[in-house]
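Working notes for the structure below.
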Amino acid sequence: MKKLYSLIAVAIVLVIAGFYGLDHYRKMREQQQAHTAYLISRCVNQGLLSLFALQANDWESNPGQLDVEERRLKQRVAALPESVGVEKPFADWQGALEVCERLTVNSNRQHRTIFRPLTEMAKKEIWSLETAKSGRFQERRKKAIYRTKIAAEAADRYLEDLQADVKSLLDASRISAEARALTERQLQESIFAKYRKGQFSKSRVLQYLERQETFYQLLTDNPKGFTLRGGSLYFYNKTLHRQADDLNRALLQGEVDFFSNWRLIVQH
């Protein structure tokens, strides 16, 4: 009988130990999932903060800001793992690090697509009337306008593309289904529910670019139809004069609005 009681006591101890062991494992997994979700959310947020810094930049006076911000984003993301305070790496954590690294590369690439053309658009020598007859400058203008049209499309879709990129990276990652689900919830609550598309107007940007393209194409097609006098265009033909004058006036009036649009891609 005593032996039976002893066996029962041992069984109870084992059950209790197993219960506490399972509870400890559950809490450990929950903490690991929380760390995973937190790291990726911080990583996404850093990319958006980088975008805000680029939105605020004056591209005429500070064309090198894109390279500065690219390095800064890499440094900030590289410092995130240590700030979370994970003592021992685990599988989901390794997956989160890979997602962060890939996401940072993609964010910098997207930021280059959106803002690099502005460094060309802000160069006054490209748009100077003194270079209006230059074939070399006309090619530069065409490339700048083409790239800026692509940039406008990317700027207009920024948040949609970011969400799709994050989802794609999570789906392809080695992160567990539970950690992915928690990460997606946190991203929605702390990032995508707070950041929203700004007042960026793709239509106004494209209209300005079309006018820019038409104006300089008009001058290129009619090199003998005008001359430059005292920094101003003088046309020999009244019809050409009227067409160019109307376009140039619209460009001058739309320039401020064009650059202002790039400050309105995302709002918080």
Side-chain angles (χ1 to χ4, degrees), residues 14-55 69-70 72-114 153-200 264-268:
L14 289 174
V15 168
I16 293 173
F19 174 78
Y20 279 107
L22 287 173
D23 187 57
H24 173 73
Y25 176 77
R26 179 183 59 79
K27 289 180 179 178
M28 181 186 70
R29 287 291 296 137
E30 287 177 352
Q31 186 180 54
Q32 289 177 347
Q33 291 163 14
H35 283 152
T36 299
Y38 180 70
L39 176 64
I40 295 174
S41 296
R42 288 282 304 276
C43 185
V44 173
N45 194 60
Q46 285 298 330
L48 281 160
L49 292 177
S50 182
L51 174 77
F52 274 96
L54 292 168
Q55 281 188 169
E69 197 56 44
E70 182 173 341
R72 187 177 295 164
L73 177 58
K74 289 178 181 178
Q75 291 168 357
R76 287 173 175 172
V77 171
L80 285 178
E82 186 176 350
S83 70
V84 177
V86 171
E87 296 179 0
K88 186 178 180 180
F90 47 92
D92 283 345
W93 181 254
Q94 292 301 130
L97 292 175
E98 292 170 7
V99 168
C100 258
E101 181 180 3
R102 190 65 227 169
L103 184 62
T104 302
V105 171
N106 293 354
S107 291
N108 277 327
R109 183 185 296 120
Q110 185 74 334
H111 295 167
R112 285 196 300 274
T113 299
I114 293 172
E153 295 285 349
D156 190 55
R157 300 191 316 264
Y158 185 83
L159 279 179
E160 294 175 26
D161 288 349
L162 177 60
Q163 284 184 274
D165 188 30
V166 173
K167 187 177 188 316
S168 176
L169 289 171
L170 285 174
D171 289 346
S173 73
R174 297 181 294 170
I175 299 172
S176 66
E178 297 82 2
R180 285 203 310 271
L182 179 61
T183 300
E184 288 170 355
R185 287 199 302 272
Q186 284 200 9
L187 284 170
Q188 189 58 42
E189 293 170 4
S190 63
I191 304 292
F192 297 122
K194 294 183 178 179
Y195 291 98
R196 63 187 187 278
K197 185 176 180 179
Q199 301 303 311
F200 180 85
L264 305 170
I265 298 171
V266 175
Q267 292 178 329
H268 187 271

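Along the sequence shown, residues carry numbers from 1. The analysis underlying the following values was restricted to heavy atoms, covering all of them including side chains, and did not include hydrogens, waters or symmetry mates.
Shown here for Ser173 and Val99, the closest heavy-atom pair between the two residues is CB-CG2, 3.7 Å. Residues Trp93 and His35 come closest through the heavy atom pair CZ3-O, 3.8 Å. Here the shortest heavy-atom pairing between Leu48 and Leu159 reads CD2-CD2, 4.1 Å. Arg76 approaches Glu69 most closely through the heavy-atom pair NH1-OE2, 3.9 Å. Nearest approach of Ala154 to Thr113, heavy atoms of both residues: CB-CG2, 4.1 Å. Minimum heavy-atom separation, Leu39 to Pro81: CD1-N, 4.1 Å.
Distance check: Ser50 OG to Gln110 CD gives 12.0 Å after rounding to the nearest 0.5 Å. Note: Arg157 CZ to Gln163 CD = 13.5 Å, rounded to the nearest 0.5 Å. A distance of 12.0 Å separates NZ of Lys167 from CG of Leu187, quoted to the nearest 0.5 Å. Here Leu80 contributes atom CG and Tyr38 contributes atom OH; the two are 8.0 Å apart, rounded to the nearest 0.5 Å. In this structure, Lys197 NZ and Leu264 CG are separated by 11.5 Å, a value rounded to the nearest 0.5 Å.
Distance alone, capped at 3.5 Å, is enough to place a donor-acceptor pair between the Gln55 side chain and the Val266 backbone. Of the possible donor and acceptor atoms, none in the side chain of Ser168 sits under 3.5 Å from a partner among the backbone N and O of Ala164.
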Give the C-alpha distance, both sets of side-chain angles, the deciding distance and a yes or no for side chain to side chain donor-acceptor pair (under 3.5 Å) between Arg72 and Gln75.
CA-CA 5 Å; Arg72 187 177 295 164; Gln75 291 168 357; over 6 Å; no
Run the side chain to side chain contact (heavy atoms under 4.5 Å, CB included) test on Leu162 and Leu51 for me, step by step, so that the C-alpha distance in whole Å, both residues' side-chain angles and the decisive distance to 0.1 Å come before the verdict.
CA-CA 12 Å; Leu162 177 60; Leu51 174 77; over 6 Å; no
Applying side chain to side chain contact (heavy atoms under 4.5 Å, CB included) to Ser176 and Gln32, what does each step give before you reach the verdict?
CA-CA 11 Å; Ser176 66; Gln32 289 177 347; over 6 Å; no
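Contact check for Glu70 versus His111: no side-chain heavy atoms found under the 4.5 Å cut-off. Using a 4.5 Å cut-off on side-chain heavy atoms (C-beta onward), Ile265 and Leu54 make no contact. Counting heavy atoms from C-beta on, the side chains of Glu178 and Glu30 never come closer than 4.5 Å. Within the 4.5 Å cutoff, no side-chain heavy atoms of Leu73 are placed close to those of Leu49. When side chains are defined from C-beta on, Ile191 does not count as touching Val166, because their heavy atoms never get closer than 4.5 Å.
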Between side-chain atoms of residues 102-109 and protein atoms elsewhere (two or more places apart, or another chain), which donor-acceptor pairs fall under 3.5 Å?
from   : atom 1 : to     : atom 2 : distance (Å)
Arg102 : NE     : Asn106 : OD1    : 3.4
Arg102 : NH2    : Asn106 : OD1    : 3.2
Thr104 : OG1    : Cys100 : O      : 2.8
Asn106 : OD1    : Arg109 : NH1    : 3.1
Asn106 : ND2    : Asp165 : OD1    : 3.0
Asn106 : ND2    : Asp165 : OD2    : 3.1
Ser107 : OG     : Leu103 : O      : 3.0

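Of the N and O atoms on the side chains of Arg185 and Gln188, not one donor lies less than 3.5 Å from an acceptor on the other residue.
Contacts of Glu101 classified as salt bridge (Lys or Arg N to Asp or Glu O under 4.0 Å), with partners at least two apart in sequence or in another chain: none.
The aromatic ring centres of Tyr158 and Tyr195 sit 6.0 Å or more apart.
The existence of a salt bridge linking Asp92 and Arg180 is excluded, since no basic side-chain nitrogen approaches an acidic carboxylate oxygen closer than 4.0 Å.
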